[in-house]
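Accompanying notes for the structure given below.
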Amino acid sequence: MTEIVGLVLPFFGMIFLGYAVARITRQPLDALGWMNTFIIYVALPALFFQLLSKTPIEKLTEFTFIFGSVFSTFLVFALMFVISVIASRGEVAQSTVKGLAAAYGNIGFMGPGIALLAFGEAAAVPVALIFCVENMMHFAIAPMMMALAGSDDSPPLAVALNVVRKIALHPFIIATAVGVSAAAFEVRPPLPIDTLLDYLSRAAAPCALFAMGVTLALRPLKRLPPEIGLISFLKLCVHPAICLVVISLVGNFDPVWVYTAVLLAALPTATNVFVIGQQYGVWVERASATILITTVASVASVTLLLYVIKAGLLPADLFP
């Protein structure tokens, strides 16, 4: 257990440092803008490119693995959505945000850092693949469901074009596509550029975690949603369990890939859920509270999951 604490302490410690510094300095949330820009547009894309471009192309085409991971996320979203629609008697917009809160994990900011710490560079490829495909799903689901709910008055063609634009122009997805292409054609950047990319990629995880801590500190906790217990349980416990079952059913994969997928599924609600809620004016304060509560709870749940994995108590294939 000491080894696991030593593993997660630097990870969650960076989040805590960001939280503490934001509380002490009292800088406005807008002051984080350039750091977020650096993380999203420079550091994490550099990390994804560096790791993917050096990976054999056959490892980048594990479509059954990608399907298993993404389908498990969709199942959790659908479960929370249906429960909320029934409880609210047909409220689609709020149910969509609640479903995303239960299924959309913080795999962009937290995923690369904790997966690489826990499983090494072998975890980089599944992290990048899962992130890209799951974000495509979320980018498509949110505007589509909001259009159905009447919260988005844009014409269907405009909604579809907006979805395509968000997917095609997302810096993580662009970096992944370029990295996969470089791996396929065995292209390597010149040494000075490679050194620069390596330098940037090393900054990705600590900067992302620090920024997340700052965001949590400066986003006030005003209203706890009554569904917080159910959402937290689905996100932190049910989602990783379903992920392990589905991936075990669809194929036989490298244990590092399986454990990486389960770990990503166990991460707390993504900050993008708050952004989506704010964009459509739906469930905004409660989305913010959900992110904070699930992140705090994940300190215990993720630590326990890593202990179970490292102790060999969790099989990588439930149906060998």
To the nearest 0.5 Å, what is the distance between [atom1] on [X] and [atom2] on [Y]?
X	Y	atom1	atom2	value
L148	T96	CG	OG1	8.0 Å
L263	M110	CG	CE	9.0 Å
I114	F11	CD1	CZ	4.0 Å
I309	L304	CD1	CG	10.0 Å
N252	F319	CG	CZ	13.0 Å
L249	L244	CG	CG	9.5 Å

query: Are F109 and N272 close enough, and set up right, to give a side-chain contact (heavy atoms from CB on, under 4.5 Å), and what steps lead you there?
result: CA-CA 11 Å; F109 273 29; N272 277 356; over 6 Å; no
Within the structure provided, determine whether [X] and [Y] are in side-chain contact (heavy-atom separation under 4.5 Å).
X	Y	result
S301	C237	no
I130	I66	no
P225	E285	no
L75	M80	no
T290	V273	no
V92	F81	yes
I291	P268	no
F253	D317	no

field: Derivation and outcome, side-chain contact (heavy atoms from CB on, under 4.5 Å), residues L116 and L47
entry: CA-CA 11 Å; L116 292 174; L47 174 64; 4.2 Å; yes
[Y] reachable from [X] in the ILVMFWY side-chain graph, under 4.5 Å edges:
X	Y	answer
V21	L209	yes
V275	W283	no
I15	L9	no
Y199	F49	no
V187	F48	no

- prompt: Angle class for the F77/F74 ring planes (parallel below 30°, perpendicular above 60°, tilted otherwise)?
  reply: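 Plane angle between 30° and 60°, so tilted.
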task: Flag yes if more than 12 heavy atoms outside R188 fall under 6.0 Å of its CZ atom; otherwise flag no.
output: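 Counting neighbours around CZ of R188, more than 12 heavy atoms of other residues, nucleotides or ligands fall under 6.0 Å, so yes.
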[X] to [Y] - nearest heavy-atom pair and separation:
X	Y	value
L224	A289	CD2-CB, 4.1 Å
A297	L236	CB-CD1, 3.6 Å
A261	I247	CB-CD1, 3.5 Å
M14	P206	CE-O, 3.3 Å
G108	L44	O-CD1, 3.5 Å
Q27	L218	O-CD1, 3.2 Å

Show me the donor-acceptor pairs within less than 3.5 Å that the side chains of residues 173-185 make with the rest of the protein, sequence neighbours left out.
| from | atom 1 | to | atom 2 | distance (Å) |
| --- | --- | --- | --- | --- |
| T176 | OG1 | F172 | O | 2.8 |
| S181 | OG | A177 | O | 2.9 |

query: Can you name the side chain to side chain contact (heavy atoms under 4.5 Å, CB included) partners of I24, sequence neighbours left out?
result: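 I24 satisfies side chain to side chain contact (heavy atoms under 4.5 Å, CB included) with no residue once adjacent residues are dropped.
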Donor-acceptor contact present, side-chain [X] to main-chain [Y], <3.5 Å:
X	Y	answer
K235	A265	yes
S72	S69	yes
T294	T269	yes

message: Give me each pair satisfying ring pair (Phe, Tyr, Trp, His ring centres under 6.0 Å) with a member in residues 12-45, each pair once, sequence neighbours excluded.
response: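 As it turns out, there is no ring pair (Phe, Tyr, Trp, His ring centres under 6.0 Å) pair with a partner in residues 12-45 once direct neighbours are skipped.
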Would you mind writing out the side-chain donor-acceptor pairs for residues 131-142 within the sub-3.5 Å range, not counting sequence neighbours?
| from | atom 1 | to | atom 2 | distance (Å) |
| --- | --- | --- | --- | --- |
| E134 | OE2 | T73 | OG1 | 2.6 |
| N135 | OD1 | Y104 | OH | 2.6 |
| N135 | ND2 | F131 | O | 2.9 |
| H138 | ND1 | E134 | O | 3.0 |

message: Can you pull out every salt bridge (Lys or Arg N to Asp or Glu O under 4.0 Å) where at least one residue sits in residues 74-98? Sequence neighbours excluded, please.
response: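 Of all non-adjacent pairs touching residues 74-98, those that pass salt bridge (Lys or Arg N to Asp or Glu O under 4.0 Å) are K98-E227.
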message: Run L314 and L305 through side-chain contact (heavy atoms from CB on, under 4.5 Å) and show every step you take.
response: CA-CA 9 Å; L314 187 70; L305 175 62; 4.2 Å; yes
Residue pair L267, S298: steps toward the side-chain contact (heavy atoms from CB on, under 4.5 Å) verdict: CA-CA 7 Å; L267 294 180; S298 71; over 6 Å; no
List the atom pairs, donor and acceptor, that lie under 3.5 Å between side-chain atoms in residues 118-128 and the rest of the protein, sequence neighbours left out.
none

